[in-house]
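All values below were derived from every heavy atom in this structure, side-chain atoms included, with hydrogens, water molecules and symmetry-related copies excluded. Residues: numbered from 1 along the sequence shown.
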Amino acid sequence: MLRIYLVCALLLILYIIRKLCIKILRKRKNVCVLVLGDLGRSPRMQYHVTSFVKEGFTVDFIGYPGALPLKEIRENPQIRIYYLSSPPSLENKLSLFLCYVIKTLWQSFNLLWILFYKHIPTHMLVQNPPAIPTIPICWLYCIIVDSHFTIDWHNYAFTLMGLSLTNDHLLVKFAKTIEMYCGSKAHDNFCVSQAMRKDLQLNWKIKAEVLYDRPTNEFHPISLKEKHMFLMKLSKKYNVFKGQKENTTIFTECTKNEIQLSSKRSGFIVSSTSWTEDEDFSILLNALEEYENMIVQGICNLPDLICAITGKGPLKEFYKSIIELKNWKHVTVITPWLENEDYPKMLASADLGICLHTSSSGLDLPMKVVDMFGCELPVCSYNFECLSELVNHEQNGMIFSSYKELTQQLRTWFENFPHNDAQQKLDKKFRKELHKFKEDQWHDNWISIVLPYFK
């Protein structure tokens with residue numbers, strides 16, 4: 001009996017020492033924000049970081065290198081960025097199962113090393129997906145260091161895996177089990193749509209607060225002069241934007257120190273993508289093919305069209321090779337990679353945005369549309385289950401379900417461009433609605449929904 005008492009006393013002493021050490025090592029109001037992905041291509045988590053700093057927190061921001069994070073993140077002394085090491089590429093050398101195992105082990109040890117190397121946080125905010133190994137590792141870490149564990153649900157990891165495998169695959173079933181069990185251990189949860197909140201509650205018994213994505217101040221309309229300066233900068237790299245005269249672009253011209261839109265100009269559409277399986281770009285390419293044919297056959301009066309598709313991802317080279325085989329004379333497709341500061345200007349300079357996001361779960365909303373709305377850029381968006389939480393057909397944008405519908409929307413928008421009275425009326429209506437949308441700012445939303453859970 002005495003031994004039992006001694007063991008209990010020893011455990012109690014160790015527990016007290018652990019608590020004291022954590023209090024000594026922990027920085028006050030310190031949050032760890034974790035993304036098992038490219039930090040520069042994780043806008044929502046970057047917005048979380050900037051909001052935490054505005055409210056007096058210090059932040060440890062963990063993820064992979066790639067695109068540069070926002071300037072205000074890179075240059076803020078209250079934010080420490082910790083980069084993970086990329087796992088070795090073994091896809092062509094080992095079986096798919098072994099690749100997953102080795103990748104997961106690599107990420108687990110790398111993540112644990114970073115977590116125990118840095119300051120002990122009071123709170124940890126983790127992006128999901130990916131779920132493995134992020135959620136189980138962070139859950140156990142938070143237990144050990146006595147930190148508050150929070151998940152921001154952007155989608156489900158197992159549904160994304162199901163795109164490249166199948167829903168019945170053993171790895172997908174295993175991933176779903178881990179995601180469901182460990183995900184339910186979080187102290188607090190946020191998600192991106194009402195549809196996801198209901199699904200989490202109904203199927204996983206997880207209560208989550210809905211935090212809608214909203215554009216930050218970087219995404220806003222720009223003046224004609226700013227548009228001209230940006231297009232001039234772009235024309236130095238892409239000849240398609242060059243005008244016929246000096247100090248002109250294909251869209252704008254400067255006469256007597258006054259900037260004007262060219263009376264006869266091409267149409268300009270833009271789409272942003274991560275080039276993954278949940279976006280079918282054959283829909284856009286088929287619609288552009290039809291657009292080209294309508295001009296060649298003289299079916300209607302349409303301008304030449306420039307289509308800019310921004311972003312990086314695994315399927316980019318596949319679609320680029322298809323685009324290069326097209327022998328279009330009136331449609332030009334470019335795939336630029338833009339700095340964070342230039343991307344909003346690209347959106348604000350376009351005539352129409354295109355979104356091909358389909359959602360592997362049918363429950364998340366496309367951030368790219370939110371960015372376009374911030375720039376008051378009208379959008380044609382592919383329809384899926386919960387899209388109506390963001391885009392309402394012919395109220396603040398247009399919705400399509402096939403390339404034929406998208407083709408018709410392009411025709412409606414650009415026929416007799418830029419002198420189409422019906423299009424101008426619709427454009428004005430959309431932009432008025434988008435101006436209202438912008439009034440609900442990210443940080444104000446964040447303060448009312450997220451901040452109370454971190455005080």
Ring centroid separation Phe230 to Phe251 under 6.0 Å:
no
Please list, one pair per line, the donor and acceptor atoms closer than 3.5 Å that link side chains of residues 406-418 to other protein atoms, with sequence neighbours excluded.
from: Thr407; atom 1: OG1; to: Tyr403; atom 2: O; distance (Å): 2.7
from: Gln409; atom 1: NE2; to: Ile399; atom 2: O; distance (Å): 2.8
from: Thr412; atom 1: OG1; to: Gln408; atom 2: O; distance (Å): 2.9
from: Trp413; atom 1: NE1; to: Asp351; atom 2: O; distance (Å): 3.4
from: Asn416; atom 1: OD1; to: Asn301; atom 2: ND2; distance (Å): 3.1

Main chain of Thr249, side chain of Ser235: is a donor-acceptor contact present, judged purely on distance under 3.5 Å?
no
Return the set of residues passing salt bridge (Lys or Arg N to Asp or Glu O under 4.0 Å) with Arg41 (not counting sequence neighbours), or none when no residue passes.
none
Partners meeting salt bridge (Lys or Arg N to Asp or Glu O under 4.0 Å) with Asp444 (sequence neighbours left out)
none
Got a donor-acceptor contact below 3.5 angstrom from the Arg265 side chain to the Thr252 backbone?
no
Set out, in order, the CA-CA distance, both residues' side-chain angles and the distance that settles side chain to side chain contact (heavy atoms under 4.5 Å, CB included) for Ile322 and Ser282, then state yes or no.
CA-CA 9 Å; Ile322 295 176; Ser282 65; over 6 Å; no
Residue pair Ser402 / Asn286, side-chain heavy-atom distance below 4.5 Å
no
Kindly indicate whether the side chain of Tyr212, heavy atoms from C-beta on, has any atom under 4.5 Å from the side chain of Gln194.
yes
The residue among Asn128, Asp199, Asp364 that forms side chain to side chain donor-acceptor pair (under 3.5 Å) with Tyr156 is Asp199
Evaluate the ring planes of Phe454 and His123, with Trp represented by its six-membered ring, and classify them as parallel (under 30°), tilted (30 to 60°) or perpendicular (over 60°).
tilted
Atom pair CZ/CD1 of Phe109 and Ile114 - distance to nearest 0.5 Å:
14.5 Å
Atom NZ of Lys54 with >12 non-hydrogen neighbours under 6.0 angstrom:
yes
Just how far is it from atom CD1 of Ile283 to atom CG of Leu288, taken to the nearest 0.5 Å?
12.0 Å
Measuring from atom SG of Cys138 to atom CE of Met124, what distance do you get when rounded to the nearest 0.5 angstrom?
4.5 Å
Taking only distance into account, with no hydrogens and no angle test, what donor-acceptor pairs under 3.5 Å do side-chain atoms of residues 291-298 form with protein atoms, sequence neighbours excluded?
from: Tyr291; atom 1: OH; to: Pro303; atom 2: O; distance (Å): 2.8
from: Glu292; atom 1: OE1; to: His330; atom 2: N; distance (Å): 2.9
from: Glu292; atom 1: OE1; to: Val331; atom 2: N; distance (Å): 3.2
from: Glu292; atom 1: OE2; to: Lys329; atom 2: N; distance (Å): 2.9
from: Asn293; atom 1: ND2; to: Glu289; atom 2: O; distance (Å): 3.3

Whether the Tyr343 and Glu218 side chains hold a donor-acceptor pair (N or O, under 3.5 Å, no angle test) is what I'd like checked.
no
Minimal heavy-atom distance between Ser85 and Asn110, with the atoms involved, is N-OD1, 2.7 Å
Phe52 versus Ile79: any side-chain heavy-atom pair under 4.5 Å?
no
Side-chain heavy-atom pair Lys345, Glu226 within 4.5 angstrom cut-off
no
Please determine whether a side-chain nitrogen of the Lys or Arg among Glu433 and Lys436 lies less than 4.0 Å from a carboxylate oxygen of the Asp or Glu.
yes
Would you find a donor on one side and an acceptor on the other, under 3.5 Å apart, between the side chain of Glu389 and the backbone of Leu365?
no
Residues which pass ring-ring contact (aromatic ring centres under 6.0 Å, His included) with His187, listed by chain and number, not counting sequence neighbours
His148
Would you say Ser361 and Thr159 are linked by a side-chain donor-acceptor pair, where the criterion is simply a distance under 3.5 Å?
no
Checking side chain to side chain contact (heavy atoms under 4.5 Å, CB included) against Met196, which of Cys191, Cys386, Ser359 comes through?
Cys191
Do Asn420 side-chain atoms and Gln423 backbone N/O form a donor-acceptor pair below 3.5 Å?
yes
Between Pro215 and Phe437, what is the shortest heavy-atom contact and its length?
CD-CE2, 3.7 Å
Closest non-hydrogen atom pair between His169 and Leu171, with its separation
ND1-N, 3.0 Å
Flag the pair Lys237 / Pro336 as yes when at least one side-chain heavy-atom distance between them is below 4.5 Å, and no otherwise.
no
Using residues 367-385 as the side-chain source, report each donor-acceptor pair under 3.5 Å to any protein atom, sequence neighbours left out, with the distance given to one decimal.
from: Lys368; atom 1: NZ; to: Glu279; atom 2: OE2; distance (Å): 2.8
from: Glu376; atom 1: OE2; to: His435; atom 2: ND1; distance (Å): 2.8

Decide yes or no on side chain to side chain contact (heavy atoms under 4.5 Å, CB included) for Ile135 and Ile178, but give the supporting numbers first.
CA-CA 8 Å; Ile135 292 180; Ile178 295 294; over 6 Å; no
So which heavy atom on Arg74 is nearest to which on Pro69, and how close?
NH1-O, 2.5 Å
Are any non-hydrogen side-chain atoms of Leu356 and Asp280 less than 4.5 angstrom apart?
no
Any idea which heavy atoms bring Gln46 and Leu70 closest together, and the distance?
OE1-N, 2.7 Å
Kindly say whether Glu394 contributes a backbone atom to a donor-acceptor pair with the side chain of Lys429 at under 3.5 angstrom?
yes
Working for side chain to side chain contact (heavy atoms under 4.5 Å, CB included), residues Phe268 and Phe241
CA-CA 10 Å; Phe268 184 21; Phe241 292 103; 4.0 Å; yes
Is there a donor-acceptor contact under 3.5 Å from the side chain of Ser51 to the main chain of His48?
no
Stepwise, does the side chain to side chain contact (heavy atoms under 4.5 Å, CB included) test hold for Gln441 with Asn217?
CA-CA 8 Å; Gln441 292 287 315; Asn217 293 332; 3.1 Å; yes
Between Phe219 and Trp442, does the ring centroid distance fall short of 6.0 Å?
no
More than 12 heavy atoms of other residues, nucleotides or ligands under 6.0 Å from CE of Met229: yes or no?
no
Approximate separation, where rounding is to 0.5 Å, of Asp213 CG and Arg44 CZ
4.5 Å
Answer whether the closest heavy-atom distance between the side chains of Ile73 and Val53 falls below 4.5 Å.
no
May I ask you to check whether over 12 heavy atoms, not counting those of Tyr83, lie within 6.0 Å of atom OH?
yes
Taking atom NZ of Lys316 and atom CZ of Phe281, what is their separation to the nearest 0.5 Å?
10.5 Å
Got a second to check how far Trp446's CH2 is from Phe190's CZ, nearest 0.5 Å?
8.5 Å
So, Ser193 side chain and Leu363 main chain: donor-acceptor pair closer than 3.5 Å or not?
yes
Could you check whether any side-chain heavy atom of Leu34 comes within less than 4.5 Å of a side-chain heavy atom of Thr134, counting everything from C-beta outward?
yes
Can you see which heavy atom on Thr150 is nearest to which on Asn189, and at what distance?
CG2-N, 4.5 Å
